[in-house]
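Here is the structure we will look at, set down as structure tokens.
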Amino acid sequence: MWRTKIFSISARNFSSSTTHETPTLYSFLQPSIFALNRPTISQQPPPQIQSSSNNNSLLSSYQITSLESTLQSSLATQNTDEAWKSFKILTSNSTFPSKHLSNSLITHLSALKDIHNLKRAFAAVVFLLEKSPQSVSFETIGTLLEAIKYANTAAPAFALIKSMFKNRVFPPFSLWGDVLIEISRKSGGFGEFLQLFSDNCRIALDEKLGFMMPDLAACNAALEGCCCYLESVRDADRVVETMSILGVRPNELSFGFLAYLYALKGLEEKIDELGRLMDGLGFCSKMAFYSNLIIGYIKSGNLKSVSEIILHRLRDNDVESLKFSEETFAKVVKGFLQDGSIKDLAKVITDAQKLESSSIETNNSVGFGIVNACVNLGLLDKAHSILDKMKAEGNFVGLGVYVSILKAYSKEFRTAEAANLVMEISASGLHLDSGSYDSLIEASMSNQDFQSAFSLFRDMREARTPDLQVSYLTIMTGLTENNRPELMAAFLDEVVEDPCIKVGTHDWNSIMHAFCKVGRLEDAKRMFRRMVFLRFQPNGQTYLSLINGYVLAEKYFSVLILWIEVRKRLSKDVVNVLYFDHNLVDAFLYALVRGGYFDAVMQVVQKSQDLKIFVDKRRYKQAFMETHKKLKISKLKRRSFRKMEALIAFRNWAGLNAGS
């Protein structure tokens, strides 16, 4: 047993419960019972199912059979009004339909989900509970309760269970407990629930009905109602006594609710008793206990105790205290800021930093929890104020304080401010992890704030962050997408010799392609020379980019120079030194034909034949006709015999008339 004193609950009422009884059973049909907020009760008598005492006539067996048949067929055809009419006639004459028909009608009415028919279903159940309780199944009552919950109305649900107890119909607690708990949370009607809870437990004990015993979750719900909604110590103690009598062992959540209430009421002795009791019962985790203590102290305005709890757990080296939830920290922030206590919040962080282990994860620090709560609450200016207050007083600022502000900057694309803050962090001897840098650099690139991205990357390198590759690729990709080859070139030149960064031929290709695309061929050639100088091997894409750039500028001689270099590389006995494919063959042939370098053209043709690369001659025939249609062999014969031979060879290969 976890309580030293056990009290009888057979005659106890909860102080917060409603003890008013309605004057007649069927007055539950009044419209107000289906509303969360009761309006003024109408003086009109409510609709009722009349009992046989007001009608001396009795139905014949034929009439009963006929009415039951009508009731059954009406339900089958969804004729609700006719079904209800048949039910009323039968019950008004002391005749009850079969159990199957009665339950079918109630289930049908409940499923319609409108208040009018819900009242009918409720009236039918209450009437049958009094007159013929065996006619109603628990399954049907469960269906009706769900419909009442769906209608968002509390009073009928409580009245229904009261009626069952009154008529000694004892349902399993699982039938109605969860439904009424949910309804109570929505309506705030925990007083009525607690009275039913008490009555249920008394009956379960008196009648020795195990199926009526509430489980731990239900007991905790009752405790939650007492502590968090009604804020009644007396009612909470009675629920605790009930749990003890029922043999329900409390869990961490149970103690958490009590901790909240005792903190709210300033009952320090009871709080100490709870702590000792948890230790005695062997609870390893006290997170819910301390979180609820904090929330209770905040609501009572006792901010000093909030600080003491946080620091006390750190002094005890309680790892759990480092893991308060975001919700708890949000309440801490709201509580302190409501009192205008920026200075006190800053002091909590400063004092906590002195006690926290140097190995603590950033996201588990008190500073992170408080500042992150400010950011999540949309109070970035308050987060700044905390940071400024700590710096103004010359206090050390932990990384946890900065991280959430940086994330907020990143989210809002305030990248220049983020870069400045990172410089401040580095100057204080702290260093971000690679993931934080990656996020900030990505935000800077998305915001086209390239200078901030460069600044962050330099800081990242200086901090010797182990993984630079992700941010490197983010910057290169962003600059490529924004067509900034000059920045790409400068950035690559800065990092190319850093052993922590993997620079590949494709990076150089991207820059050359971008330069060629905008006609900056000299810059492209400079990058090509730099690439070769640093011993990066050009590949097919390197040459394709340069060829396309030269063709756009009609600089065909530069293509010829490129071919001479490629030809030398192809002649070397090196495996896979250059992948000479169809795309490269096509680019060279097209450019060289247009430039009139037929000797080189035939060299490319010969190489393609050696490598068995298919060539579509029509494309180059067309290129020749567009640029050299008037070129005569006789003129070339006088100038250069070699050029003449190359032209004849090309015309023969391309299928052009040799005599033209």
Side-chain angles (χ1 to χ4, degrees), residues 413 415 419 437-438 440-458 460-461 468-498 500-563 565-566 569 578-588 590-592 594-595:
F413 295 104
T415 49
Y437 277 114
D438 293 341
L440 291 168
I441 288 173
E442 183 176 2
S444 297
M445 296 305 296
S446 298
N447 199 35
Q448 297 186 15
D449 183 2
F450 306 132
Q451 294 308 316
S452 291
F454 294 152
S455 174
L456 288 164
F457 194 77
R458 289 189 195 101
M460 195 176 183
R461 291 176 65 200
L468 299 171
Q469 198 66 22
V470 173
S471 288
Y472 165 73
L473 293 175
T474 298
I475 292 175
M476 289 295 286
T477 302
L479 293 174
T480 301
E481 292 173 349
N482 285 279
N483 296 315
R484 299 299 301 269
E486 73 286 355
L487 294 180
M488 294 171 70
F491 177 63
L492 185 62
D493 209 43
E494 182 179 334
V495 304
V496 68
E497 296 185 58
D498 190 328
C500 296
I501 301 172
K502 296 178 182 178
V503 178
T505 298
H506 61 277
D507 296 311
W508 297 94
N509 289 347
S510 297
I511 300 173
M512 283 183 278
H513 177 76
F515 274 133
C516 290
K517 189 176 179 181
V518 296
R520 296 175 59 174
L521 298 179
E522 289 304 315
D523 289 322
K525 289 195 322 189
R526 182 179 63 81
M527 292 305 298
F528 179 74
R529 290 193 295 270
R530 175 78 169 150
M531 171 186 181
V532 174
F533 174 77
L534 293 173
R535 299 189 177 182
F536 286 89
Q537 289 293 337
N539 59 18
Q541 188 59 51
T542 310
Y543 294 113
L544 278 176
S545 295
L546 290 171
I547 292 169
N548 291 334
Y550 291 146
V551 169
L552 285 174
E554 297 185 348
K555 294 189 175 185
Y556 301 113
F557 181 73
S558 295
V559 178
L560 177 62
I561 299 302
L562 270 185
W563 165 246
E565 179 180 332
V566 169
R569 291 189 63 193
L578 175 66
Y579 182 63
F580 196 64
D581 62 1
H582 175 270
N583 292 329
L584 201 52
V585 169
D586 177 70
F588 269 123
Y590 182 77
L592 292 170
R594 291 187 67 87

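Note that the structure is predicted; figures quoted are calculated from it, not measured.
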Quiz item: Can you name the residues that form a side chain to side chain contact (heavy atoms under 4.5 Å, CB included) with Asp498, not counting sequence neighbours?
Solution: Arg461, Leu468, Cys500, Ile501
Quiz prompt | For Tyr590 against Val551, the heavy-atom pair lying closest together | solution = CE2-CG1, 4.4 Å
Self-check item: Partners meeting ring pair (Phe, Tyr, Trp, His ring centres under 6.0 Å) with Tyr437 (sequence neighbours left out)
Solution: none
Exercise. Could you verify whether a donor N or O on one side chain and an acceptor N or O on the other, from Asp507 and Ser510, lie under 3.5 Å apart?
Key: no
Quiz prompt | For His582, side chain to side chain contact (heavy atoms under 4.5 Å, CB included) partners two or more places apart | solution = Asp586, Ile613
Which atom pairs, one a donor and one an acceptor, fall under 3.5 Å between side chains of residues 511-524 and the rest of the protein, sequence neighbours left out?
from	atom 1	to	atom 2	distance (Å)
Arg520	NE	Asp523	OD2	2.8
Arg520	NH2	Asp523	OD2	3.0

Quiz item: Regarding Ser444 and Asp449, is there a side-chain donor-to-acceptor distance under 3.5 Å anywhere?
Solution: no
Exercise. Give me the ring orientation class for Phe491 and Phe457: parallel if the planes are under 30° apart, tilted from 30 to 60°, perpendicular past 60°.
Key: perpendicular
Practice problem: Can you establish whether the number of heavy atoms outside Phe413 located under 6.0 Å from its atom CZ is more than 12? | Solution: yes
Quiz prompt | Side chain Arg569, main chain Pro538, donor-acceptor under 3.5 Å | solution = yes
Practice problem: Name all residues meeting the ring pair (Phe, Tyr, Trp, His ring centres under 6.0 Å) criterion together with Phe588; count only those two or more places apart in sequence or in a different chain, and write none if there are none. | Solution: Trp563
Quiz item: Should Asn539 and Thr505 be marked as a side-chain hydrogen bond (donor to acceptor under 3.5 Å, both in side chains) after you check the CA-CA gap, both sets of side-chain angles, and the distance that decides it?
Solution: CA-CA 8 Å; Asn539 59 18; Thr505 298; 5.1 Å; no
Self-check item: Derivation of the side chain to side chain contact (heavy atoms under 4.5 Å, CB included) call for Thr542 and Met531
Solution: CA-CA 10 Å; Thr542 310; Met531 171 186 181; 3.9 Å; yes
Practice problem: With sequence neighbours left out, write down each residue that passes ring pair (Phe, Tyr, Trp, His ring centres under 6.0 Å) with Phe450, or none if nothing qualifies. | Solution: none
Quiz prompt | Test side chain to side chain contact (heavy atoms under 4.5 Å, CB included) applied to Val559 and Lys555, step by step | solution = CA-CA 7 Å; Val559 178; Lys555 294 189 175 185; over 6 Å; no
Practice problem: Say whether, by atom type as modelled, one donor and one acceptor occur between the side chain of Gln469 and the main chain of Lys502 under 3.5 angstrom. | Solution: yes
